[in-house]
Amino acid sequence: MTKLKLTGKALRNIGFPEGPAISIAITAMEQRFKHHTEAAALDILKQVLTDPMAYLADDALRKIAGRLMEAKEEEDIPLKEIPVPYEIFGAGFIETGALQQMNSAVRLPVAVAGALMPDAHQGYGLPIGGVLATNNAVIPYGVGVDIGCRMCLSILDLPVDQLDKKASRFIDALMKHTKFGAGEEWDEPAEAAVLEHHLFRELPLLRRLLDKAAGQLGTSGGGNHFVEWGLVQITGATDCHLAPGTYLGLLSHSGSRGLGAQIATYYTRLARELCPLPREAAHLAWLEMDSEAGQEYWQAMNLAGDYASASHHEIHRRMIKATGAQLLARVENHHNFAWKEVHNGQELIVHRKGATPAAKGVCGVIPGSMTAPGYIVRGRGDAASLHSAAHGAGRAMSRFTATQSITRYELNKQLREHGVTLIGGGPDEAPMAYKNINEVMAAQQGLVDVVGRFQPKIVRMADDGSKED
DNA sequence: ATGTCC
């Protein structure tokens with residue numbers, strides 16, 4: 001007896017082109033086929049999609065068919081016959097899905113250069129671990145949904161033995177002053193200069209997002225995001241002039257929360273309308289950098305990046321205050337972002353989606369897992385990688401496979417063996433679900449020098465029930 | 001990764 005309800009998402013999934021066809025189809029189907037199930041309605045739409053011409057005379061479906069015919073005529077900017085060659089780092093352990101996605105990306109007419117990092121795995125649009133340089137074009141899904149997702153490591157002045165001796169103090173700080181889970185906000189919004197940015201007043205999209213963004217600044221979200229206490233070993237020359245030795249540190253991984261997600265969704269939709277591509281590359285729709293839409297996205301993306309940075313700083317401010325620490329040094333970097341960079345004398349838009357910037361001398365953080373060490377690295381400025389490196393160990397198992405095959409018992413055993421305390425989290429983020437970070441590091445020796453390590457000791461992640469709820 | 005807006 002439930003009335004038919006269709007979503008744009010479902011229609012895109014069966015291959016509807018971005019644009020008016022989606023809303024026309026939803027309206028028509030919900031009126032004319034209101035007692036059909038969603039599956040039955042989608043089956044009808046699939047048939048119309050395959051051969052719209054055959055439905056031009058059908059009373060109920062002619063409007064949808066007509067619009068699809070028009071879309072077909074406008075459609076499909078062709079991909080290059082000859083792809084741009086690109087280097088694959090760690091080719092032995094990269095899944096085929098990620099390779100296929102990268103192969104499509106380097107056939108975009110705007111593609112100039114690319115590279116695939118050793119932690120690569122399949123994503124949406126550009127693979128996670130994909131680097132793509134384009135000419136005068138920015139690809140919202142080349143940056144990803146979590147714009148400005150990044151790492152931030154604070155090195156503190158507290159004695160390292162306090163992590164054991166005063167463990168409850170560090171656990172309390174995480175419990176009281178970090179917040180995890182989709183949609184979560186602080187009751188009292190943080191103050192930050194980024195919230196005063198003029199774009200929040202000028203762009204209607206951002207105007208509606210300001211309140212939520214204020215509430216979510218200083219929260220961590222879900223999935224693989226974390227805040228953790230651990231031991232930092234400095235072994236080489238960082239760009240923050242820290243003497244070699246062992247320090248107490250705080251490491252966080254999170255991004256721009258709802259703000260970045262909404263910006264990404266809005267502009268990828270706009271890009272797919274303006275830039276229809278063959279199906280295998282449809283998610284890689286771009287915006288011209290010298291167009292109004294392209295400029296808007298670029299500004300909004302940069303704002304989301306600044307917001308993500310401010311959010312980490314707020315998390316660290318809370319942790320430092322709660323433990324009475326002093327900040328000695330900080331290492332941080334985006335790993336979902338696009339930059340204007342000059343490579344081979346040409347100004348390019350370099351998209352790094354799950355890749356760490358590694359220009360010569362630039363420091364960054366590559367996390368391992370909740371038990372495996374992360375690395376503080378210094379870029380070598382390798383040209384073939386477009387000055388990039390991996391952004392982590394990379395998943396070895398999908399979230400689903402991990403929850404099916406790893407038990408709580410096994411996870412707890414791993415944690416015990418490594419002396420790690422976990423708050424929240426679950427088997428989907430267990431160390432066994434990730435590749436061996438040492439193999440990933442070995443595959444990128446030419447890209448970065450290791451100048452330090454971070455060994456997690458007390459880790460907080462989202463409860464694994466928080467995603468379903 | 002996000003969060004129930006086509």
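Every chain is numbered from 1, with letters handed out A, B, ... down the list of sequences.
- Counting heavy-atom neighbours within 6.0 Å of A:Phe33 CZ, excluding the residue itself, gives a total above 12.
- Rounded to whole Å, the distance from CE on A:Met301 to P on B:dA1 is 20 Å.
- As a whole-Å value, the separation of A:His283 NE2 from B:dA1 P is 18 Å.
- Rounded to whole Å, the distance from CZ on A:Phe180 to C1' on B:dG3 is 18 Å.
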Donor-acceptor pairs under 3.5 Å, side chain of residues 54-63 of chain A to any protein atom, not counting sequence neighbours: which ones?
from    : atom 1 : to      : atom 2 : distance (Å)
A:Tyr55 : OH     : A:Gln47 : OE1    : 3.2
A:Asp58 : OD1    : A:Ala60 : N      : 2.9
A:Asp58 : OD1    : A:Leu61 : N      : 3.1

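- Between A:Cys149 and A:Ile26, the one whose closest nucleotide on DNA chain B sits nearer the 5' end is A:Cys149.
- For the segment residues 122-131 of chain A, the set of residues with a heavy atom within less than 4.0 Å of an atom of DNA chain B is empty.
- In terms of phosphate contacts, A:Arg269 brings no side-chain nitrogen or oxygen within less than 4.0 Å of OP1 or OP2 of B:dC6.
- Between A:Gln216 and the phosphate of B:dG3, there is a side-chain N or O to OP1/OP2 separation shorter than 4.0 Å.
- The CD1-P distance, from A:Ile263 to B:dT2, rounds to 14 Å in whole Å.
- Residues in residues 298-313 of chain A take part in no salt bridge (Lys or Arg N to Asp or Glu O under 4.0 Å) pair, two or more places apart or across chains.
- Applying the side-chain contact (heavy atoms from CB on, under 4.5 Å) test to A:Asp187 and every residue at least two apart in sequence or in another chain returns nothing.
- By the side-chain contact (heavy atoms from CB on, under 4.5 Å) test, A:Ala25 pairs with A:Leu11, A:Phe16, A:Leu45, A:Ile64, sequence neighbours left out.
- One can place CD of A:Glu185 at 13 Å from P of B:dT2, the figure rounded to the nearest angstrom.
- Between A:Arg208 and B:dC5 there is no side-chain N or O to OP1 or OP2 distance below 4.0 Å.
- In the set B:dA1, B:dT2, B:dC6, B:dT2 carries the atom at the smallest distance from any side-chain atom of A:Arg257.
- Rounded to a whole Å, the CG atom of A:Leu259 is 13 Å from the C1' atom of B:dA1.
- B:dC5 atom C1' lies 15 Å from atom CG of A:Leu6, rounded to whole Å.
- Applying the side-chain hydrogen bond (donor to acceptor under 3.5 Å, both in side chains) criterion to A:His36, with sequence neighbours excluded, gives no partner residue.
- In this structure, NE2 of A:His225 is placed 6 Å from C1' of B:dA1, rounded to the nearest angstrom.
- For A:His335 and A:His253, the distance between ring centers is under 6.0 angstrom.
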